[in-house]
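Only one structure is covered here, and it is reproduced in the block below.
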Amino acid sequence: PVKPIGSGDAVAAGLAAAISDGRDIPDACRLGAACAAANALTDQAGFIDARRLAEFENGMSLKLET
């Protein structure tokens, strides 16, 4: 990570955006985590590079145990 400041806010924003778009909870968590990871790779708090976001979101798998 370059600077993790703002990553918590990025998670919240990703979750809110996904839920607002009607995505399910695992998908919303995936987007939130991808937003945090993309934010941590920049030197600006709360800034996300859309290309990195897509890379992270597509590369994450989320396994929920029941």
Side-chain angles (χ1 to χ4, degrees):
V2 175
K3 184 185 270 186
I5 297 170
S7 293
D9 292 334
V11 170
L15 286 170
I19 291 169
S20 153
D21 285 345
R23 293 163 86 169
D24 62 16
I25 297 300
D27 212 23
C29 291
R30 189 176 299 110
L31 180 60
C35 286
N39 174 78
L41 291 179
T42 69
D43 62 351
Q44 298 174 310
F47 179 80
I48 295 174
D49 181 339
R51 292 171 297 194
R52 298 306 302 258
L53 176 62
E55 287 175 22
F56 286 126
E57 188 177 13
N58 293 330
M60 289 184 183
S61 64
L62 183 64
K63 180 180 178 184
L64 299 177
E65 295 184 24
T66 56

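- Hydrophobic clustering keeps I48 apart from V11 (ILVMFWY residues linked when any side-chain heavy atoms are closer than 4.5 Å, directly or through intermediates).
- Residues Q44 and N39 share a closest heavy-atom pair of O-OD1, 3.8 Å.
- Legend: residues meeting side-chain hydrogen bond (donor to acceptor under 3.5 Å, both in side chains) with D49, ordered by chain and number and at least two apart, are R51.
- At least one side-chain heavy atom of C35 sits under 4.5 Å from a side-chain heavy atom of L53.
- Closest non-hydrogen pair, F47 versus T42, comes out as O-OG1, 3.4 Å.
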Which pairs of donor and acceptor atoms, one on a side chain in residues 19-26, lie under 3.5 Å apart (sequence neighbours left out)?
residue	atom	partner	partner atom	Å
R23	NE	D27	OD2	2.9
R23	NH2	E57	OE2	2.3
D24	OD1	D27	N	2.9

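- When all heavy atoms are compared, the tightest approach of S7 to A36 is OG-O, 3.3 Å.
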